[in-house]
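Here the structure is laid out as structure tokens; the discussion comes afterwards.
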Amino acid sequence: MLNADVARRRDEAISRGVGMTTQIYADRALNAEVWDVEGNRYIDFAAGIAVVNTGHRHPRVMAAVQAQLERFTHTCHQVMPYEPYIRLAERLNEKVPGDFAKKTIFVTTGAEACENAVKIARIATGRNAVIAFGGGFHGRTFMGMSLTGKVEPYKKGFGQMMPDVYHVPFPMALHGVTTEDAMAAVEKLFKADLDPARVAAVIFEPVQGEGGFYPAPTELIRAIRALCDRHGMVMIADEVQTGFARTGHLFAMQAHGLAADLVTMAKGLAGGLPLAAVTGRADLMDAANPGGLGGTYAGNPLGIAAAHAVLDVIEEEDLCARANELGSRLRQRLEAIRAQAPEIAEVRGPGFMVAAEFADPASGAPDAGFAARVRAEAQKRGLILLTCGVYGNVIRFLAPITIPDAHFAEAMDILEDSVAAARAA
Ligand SMILES: Cc1ncc(COP(=O)(O)O)c(C=O)c1O
């Protein structure tokens, strides 16, 4: 089978609305390596967009899913519940930051987790409005895309967004946007458009993912916490991309010593199976009436089994420490490459949630073309990279945290060659 042949069939069979980064059709994968249908081997620095933090087919995760496959695959938790769902909720209630009683619901995708967090905030407060951030990404459902702070390609042409969602700027040091600017925009909103007494929630990512790996400064998180406390708003931390050891903590919020009222999770939670969750203050989580939350596949038993194994692996293999170690090596290597490549404007990101932003060295203008060339050169050499960013000029590095040293070193050499090739092009 050839990639090009499948690609032709894909064009015939699949909506072009489903964008694709590569036309490399996966055949099998193991830890940080993926082989395509032609037998070509790649080092995977995408990890299915920050999903397989514990690597492709981690033996513990595989064994847990296989054991569950032998028992049952689906009953629907709302019909015939199962104990591992309850036990996973207990584990998350304990691990999510916050020194207060917590409860959890399971859903299936990150977008659904964000939707449900807003539903919970609305019913708990009796208010409607939501404040979100420019550049933020919260999914492709109607509320997900309404919360998302980027028009193209996520909102364009899809008609009216959900009403009562307001965006303010997210701090981006490289682009001169500060926490003060963000909070001043909130105050302006309260003056011109919005009574704070109508705001149900503020939703933010502790590190913006799709937006470009801009970490939220601690001052911003503190300011959001104070704002929510002052006005009775629900603080929602979207940890869909930052969660599960990626930033060197189980949850990115731990680095700031502050707790949100609700936390959304997905991606890394179940090591490649579709599972998402909202965990938060028990009183808020209990505001919805029975039947108001959930879904047919919400908390599917295979995903729940995988998530238990993922949490075990993160703990047993000390993946938070490993994320910090790999991230520090990656940042050092990128800084060394930057010394030869002034197109790299900034290297940033906590733990192993690292990105490089590219700009024209003369004008400082974002250079999406350069980022695209680096990505393409890396792919030719067998390394899968992802771009992101409000200007499309950022490469984010999202290898499995379990990547062996030898594969990491190989990827670093490919990266260096790819940047050199992109400069020569
Ligand atoms: C921070 C964040 N929230 C929500 C989502 C949406 O998750 P999903 O694609 O599983 O719906 C994503 C996906 O990239 C994300 O990064």
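Remember, it's 1-based here, ligands and their atoms both numbered in the order they're listed.
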For [atom], grab the closest protein heavy atom and report residue, atom and distance to one decimal in Å.
{"atom": "atom 11 (O) of ligand 1", "result": "Ala111 N, 2.8 Å"}
{"atom": "atom 5 (C) of ligand 1", "result": "Val240 CG1, 3.7 Å"}
{"atom": "atom 7 (O) of ligand 1", "result": "Gly110 CA, 3.2 Å"}
{"atom": "atom 2 (C) of ligand 1", "result": "Phe137 O, 3.2 Å"}
{"atom": "atom 16 (O) of ligand 1", "result": "Gln241 NE2, 2.8 Å"}

Kindly indicate whether a cation-pi arrangement holds for [X] with [Y], taking the cut-offs as under 6.0 Å to the six-membered ring centre and within 45° of the axis.
{"X": "Arg41", "Y": "Trp35", "result": "no"}
{"X": "Arg348", "Y": "Tyr214", "result": "yes"}
{"X": "Lys102", "Y": "Phe100", "result": "yes"}

Report task. Report yes or no: does Lys267 have a heavy atom closer than 4.0 Å to ligand 1? Result -> yes
Query raised in the report: Would you say Asp238 contacts ligand 1, with heavy atoms under 4.0 Å as the rule?
Result: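 Contact check Asp238 vs ligand 1: positive.
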Quick check on contacts: which atoms of ligand 1 are under 4.0 angstrom from a heavy atom of [X]?
{"X": "Thr109", "answer": "10 (O), 11 (O)"}
{"X": "Glu210", "answer": "14 (O)"}
{"X": "Glu205", "answer": "1 (C)"}
{"X": "Gly139", "answer": "6 (C)"}

Report task. Give a yes or no on whether Glu70 atom CD has more than 12 heavy-atom contacts from other residues, nucleotides or ligands under 6.0 Å away. Result ->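 No.
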Report task. Count the heavy atoms belonging to other residues, nucleotides or ligands that lie under 6.0 Å from CD of Gln160, then report whether that count exceeds 12. Result ->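 12 or below, so no.
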Requested in this report: Indicate yes or no: at least one non-hydrogen side-chain atom of Leu319 is less than 4.5 angstrom from one of Thr402.
Outcome: yes
Requested in this report: Verify whether one side chain among His138 and Asp238 offers a donor that lies under 3.5 Å from an acceptor in the other.
Outcome: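 Side chains of His138 and Asp238: pair found under 3.5 Å.
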Query raised in the report: So among Thr21, Ile384, Leu386, which one has a side chain to side chain contact (heavy atoms under 4.5 Å, CB included) with Arg375?
Result: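 Result: among Thr21, Ile384, Leu386, Thr21 is the only option passing the side chain to side chain contact (heavy atoms under 4.5 Å, CB included) with Arg375.
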Query raised in the report: Counting only non-hydrogen atoms of the protein, does one fall under 4.0 Å from atom 14 (O) of ligand 1?
Result: yes
